[in-house]
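Please read all numbers here as calculations on a predicted model, not as lab measurements. Note that ligands are numbered from 1 as they come in the structure, with each ligand's atoms numbered from 1 the same way.
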Amino acid sequence: MARRSSRLLTPQGRSPQPGVIQSTVLGVYIHVPFCSAICNYCNFNRGLFDAALKARYVRALREEIRRVTDGAPADTIFFGGGTPSLLEPAEIRELIEACRGAFTLGRHAEITLEANPETVTAERLEGFRAAGVNRLSYGVQSFRDDELARLSRLHSATRARDAFALARAAGFDNISLDLMMWLPQQSVADWLGSVDALIALGPDHASLYLLEIYPNAPLRDEMARGRWSVAPDDDAAEMYLEAMARLDAAGYQQYEISNVARPGRESRHNMKYWTDQEWLGFGCGAHSTRDGVRWKNVSSTADYIDAVTGGGHVITEVRRLSPEERLEEALFTELRLAAGIDVERIRRRYGVDVWARFGKDLQVFLEQGLLVYDGARVLLTRRGMLLANEIMTVFLSSTVR
Ligand code: SF4
């Protein structure tokens, strides 16, 4: 289920991985690449569940985490995938314990588990909670069974509601739900029906993503065969704006282009990606950013296990970002936040006055009501968020010049 990207709502062709930084409290990401079935739109790093492979993978993860020896402070752990809720609670516990051994983990660390509704039971949820997980992120995607079937998801809307209730009963007071909009055959009313259903459940956090159908996705063929289409662009804009308006009215605060939360329930882990902080990723295909260097682990699950258990290197790409690249990434990601870019912070960290350098190119967006600059912050209006990718190219071109 992992994070979706979208044409409108994420920087083009980029995952949210900002630049680097002075010493900070780390985030820890643990990738779990197993799924019960492969969804027809998915291009994440995942494969079909295999119990024996999973057991070897968890052992490799523990070993990779154990190799971290500097005891650096960390205050978030995020199990992403894939479908991390396919792991046993005892395995999640072992991995959290490995993190406690490798890092100085704060007492109030946020520990998130991505979960698919069909994978949970009361017993498993209680096990995850007892293991130390204190935040759940459910990949719901839709509260309409016809839409879920078109996406080849394994759960129904009823199963999603049940999974939510089970999580509350197990004591989870920090639950996020993901929804996807602009689905094949989805009308504005269909979409808003799902948004209202989410609001009725009352999660603590919600992520709304546009479905992006990548070139070789099986869903493309299914859409052609079924003559399914997506709503016009103008409808997609209405879907986004009206959904956000309803979430506002229900007491949620938008803090990022695609994310809303009850006060204090923002994803502390994802905020690290969006506020120019550092994190370490474990598992196949995981990215890390620390001390000005970015690296990526080998993508294949089998190669990853072999590399770790054979005592070899799991890192495939290492790159030191230039100061210009760090600045660009910081601007890209901070503009995604509702609070926008903190001009003084950028000046202190990068020695650049954002408005002096980019104001001339940003002025046109200001005049169109897509951007606000109040002397302290540069931020997108909600209409501007729909065109974030275009506006961000102003920062991109600066490093090319
Ligand atoms: S649950 Fe579906 S969308 Fe999520 S990672 Fe697995 S295959 Fe991809």
Side-chain angles (χ1 to χ4, degrees), residues 1-7 9-10 15-16 29-51 53-54 57-58 61 78-87 91-92 112-121 124 128 135-157 159-160 162-164 167 175-184 186 194 206-223 230 258-259 267 269-270 281-287 297 299-301 304:
M1 91 227 79
R3 303 290 123 201
R4 321 253 109 60
S5 61
S6 77
R7 270 174 282 172
L9 306 183
T10 63
S15 51
Y29 175 82
I30 299 176
H31 190 69
V32 181
F34 305 109
C35 292
S36 304
I38 303 302
C39 303
N40 59 13
Y41 59 89
C42 177
N43 65 347
F44 298 115
N45 186 21
R46 78 293 177 265
L48 279 177
F49 181 79
D50 171 315
L53 187 65
K54 180 206 58 169
Y57 184 76
V58 171
L61 275 176
F78 193 102
F79 290 92
T83 308
S85 54
L86 287 175
L87 262 51
E91 293 170 323
I92 294 290
T112 303
L113 181 80
E114 285 191 332
N116 277 358
E118 74 279 1
T119 62
V120 300
T121 60
R124 290 176 67 77
F128 291 137
R135 183 171 183 272
L136 274 186
S137 177
Y138 275 127
V140 172
Q141 320 312 357
S142 167
F143 282 99
R144 289 181 62 98
D145 288 346
D146 58 343
E147 291 175 356
L148 290 167
R150 274 184 218 111
L151 295 174
S152 66
R153 299 293 304 206
L154 296 178
H155 66 273
S156 63
R159 188 73 186 86
D162 290 348
F164 183 84
I175 305 176
S176 180
L177 303 183
D178 283 3
L179 286 184
M180 287 200 299
M181 56 180 273
W182 218 23
L183 304 178
Q186 184 181 54
S194 279
S207 302
L208 313 183
Y209 299 102
L210 253 76
L211 173 66
E212 183 175 30
I213 308 173
Y214 68 97
N216 295 324
L219 178 56
R220 268 192 196 276
D221 294 337
E222 291 168 36
M223 287 180 69
V230 294
S258 302
N259 288 276
S267 165
H269 184 82
N270 285 338
F282 298 93
C284 58
H287 292 258
N297 282 0
S299 296
S300 147
T301 305
Y304 167 81

Run the numbers for me: atoms of ligand 1, each under 4.0 Å from some heavy atom of [X], listed by number.
X: Cys35; value: 1 (S), 5 (S), 6 (Fe), 7 (S)
X: Ala37; value: 7 (S)
X: Cys42; value: 3 (S), 5 (S), 7 (S), 8 (Fe)
X: Asn116; value: 1 (S)
X: Gly82; value: 5 (S)

Exercise. Only one of His155, Arg153, Glu147 passes side chain to side chain donor-acceptor pair (under 3.5 Å) with Ser142; say which it is.
Key: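 Of His155, Arg153, Glu147, side chain to side chain donor-acceptor pair (under 3.5 Å) with Ser142 is met by Glu147 alone.
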Exercise. Under 4.0 Å, heavy atoms only, figure out whether ligand 1 is touched by the backbone of Cys39, its side chain, both or neither.
Key: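 For Cys39, the contact with ligand 1 is made by both the backbone and the side chain.
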Quiz item: Hey, does the side chain of Tyr57 reach the backbone of Cys284 with a donor-acceptor pair shorter than 3.5 angstrom?
Solution: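 Looks like yes, one N/O pair under 3.5 Å.
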Self-check item: Donor-acceptor under 3.5 Å (Tyr41 side chain, Leu211 main chain)
Solution: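 No; zero donor-acceptor contacts below 3.5 Å.
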Quiz prompt | Member of Arg150, Glu222, Arg220 meeting the side chain to side chain contact (heavy atoms under 4.5 Å, CB included) criterion with Asn40 | solution =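 For Asn40, the side chain to side chain contact (heavy atoms under 4.5 Å, CB included) test succeeds with only one of Arg150, Glu222, Arg220, which is Glu222.
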Exercise. Check Ile38 against Arg46 and note the closest heavy-atom contact, atom names and distance.
Key: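 In terms of heavy atoms, the two residues are closest at CG2-NH2, 3.0 Å.
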